[in-house]
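First the structure, in the form of structure tokens, and then the observations on it.
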Amino acid sequence: QVQLQESGPGLVKPSQTLSLTCTVSGGSITTNYYYWSWIRQPPGKGLEWMGAIAYSGSTYYSPSLKSRTSISRDTSKNQFTLQLSSVTPEDTAVYYCARELLLGTIYEYDYWGQGTQVTVSS
């Protein structure tokens with residue numbers, strides 16, 4: 001049973017960097033052929049895929065967030081992290097980490113963290 005859990009501060013000031021960590025248990029983040037993703041949901045809006053880090057360490061980002069987003073990992077701790085710089089109140093959302101499996105042209109998210117609320121406010 002794979003479990004993911006987000007952690008990090010719930011309040012960030014505008015212009016600062018949002019940092020979150022996803023801790024994975026029950027499976028390795030280096031196992032073929034999974035991707036480890038960050039997804040967010042602003043209030044009243046839909047889910048937005050932010051980016052992912054693959055089992056190989058390669059990273060992928062949403063074009064709209066690429067300039068501000070960095071995803072990294074610590075394989076010794078089985079963790080991956082999200083950093084979103086220069087945040088504004090529009091970055092307020094529930095942030096999720098999830099495991100993604102790409103099956104040719106079809107993808108699915110089979111395991112999710114519970115989500116963590118992050119509010120950007122002064």
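Side chains included, hydrogens not; waters and symmetry mates left out as well; all remaining heavy atoms used.
Annotation: cation-pi geometry not satisfied between R73 and F80 (NZ/CZ under 6.0 angstrom from ring centroid, within 45° of ring axis).
A donor atom on one side chain and an acceptor atom on the other are not found under 3.5 Å apart for T23 and Q5. T119 and S121 form no side-chain donor-acceptor contact under 3.5 Å, judged by distance and modelled atom types alone.
Y55 is linked by a ring pair (Phe, Tyr, Trp, His ring centres under 6.0 Å) to Y33, counting only residues two or more places apart in sequence or in another chain.
A disulfide (SG to SG under 2.5 Å) check over residues 56-86, counting only residues at least two apart or in different chains, returns nothing.
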Next on the checklist: Working note: L18 + R68, criterion side chain to side chain contact (heavy atoms under 4.5 Å, CB included); need CA distance, chi angles, decisive distance, verdict.
Outcome noted: CA-CA 10 Å; L18 181 160; R68 298 194 293 132; over 6 Å; no

Item to check | Pair Q114-L4, side chain to side chain contact (heavy atoms under 4.5 Å, CB included): steps then yes or no | outcome: CA-CA 8 Å; Q114 65 184 10; L4 298 85; over 6 Å; no

Next on the checklist: For a side chain to side chain contact (heavy atoms under 4.5 Å, CB included) check, start with the C-alpha distance between L82 and T69, then their side-chain angles and the critical distance, and finish with the verdict.
Outcome noted: CA-CA 7 Å; L82 170 72; T69 306; 3.7 Å; yes

Next on the checklist: side chain to side chain contact (heavy atoms under 4.5 Å, CB included) for L20 and E6? Distances and angles first, verdict last.
Outcome noted: CA-CA 7 Å; L20 296 173; E6 305 90 348; 5.7 Å; no

Checklist entry - Should Q79 and T21 be marked as a side-chain hydrogen bond (donor to acceptor under 3.5 Å, both in side chains) after you check the CA-CA gap, both sets of side-chain angles, and the distance that decides it? => result CA-CA 7 Å; Q79 295 176 330; T21 296; 5.4 Å; no

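Note: the hydrophobic cluster containing L103 also contains W36 (ILVMFWY, side chain heavy atoms under 4.5 Å, direct or indirect links). A continuous path of Ile, Leu, Val, Met, Phe, Trp and Tyr side chains, each step under 4.5 Å between heavy atoms, connects V24 with L101, placing both in one hydrophobic cluster.
The other members of the hydrophobic cluster of L47, by chain and number, are Y35, I39, W49, Y60, V94, Y96, L102, Y107, Y109, W112 (side-chain heavy atoms under 4.5 Å, ILVMFWY only).
For K45 against Q41, the heavy-atom pair with the smallest separation is O-NE2, 3.0 Å. Here the shortest heavy-atom pairing between K13 and S122 reads NZ-O, 4.1 Å. When all heavy atoms are compared, the tightest approach of L65 to E48 is CD1-OE2, 3.8 Å.
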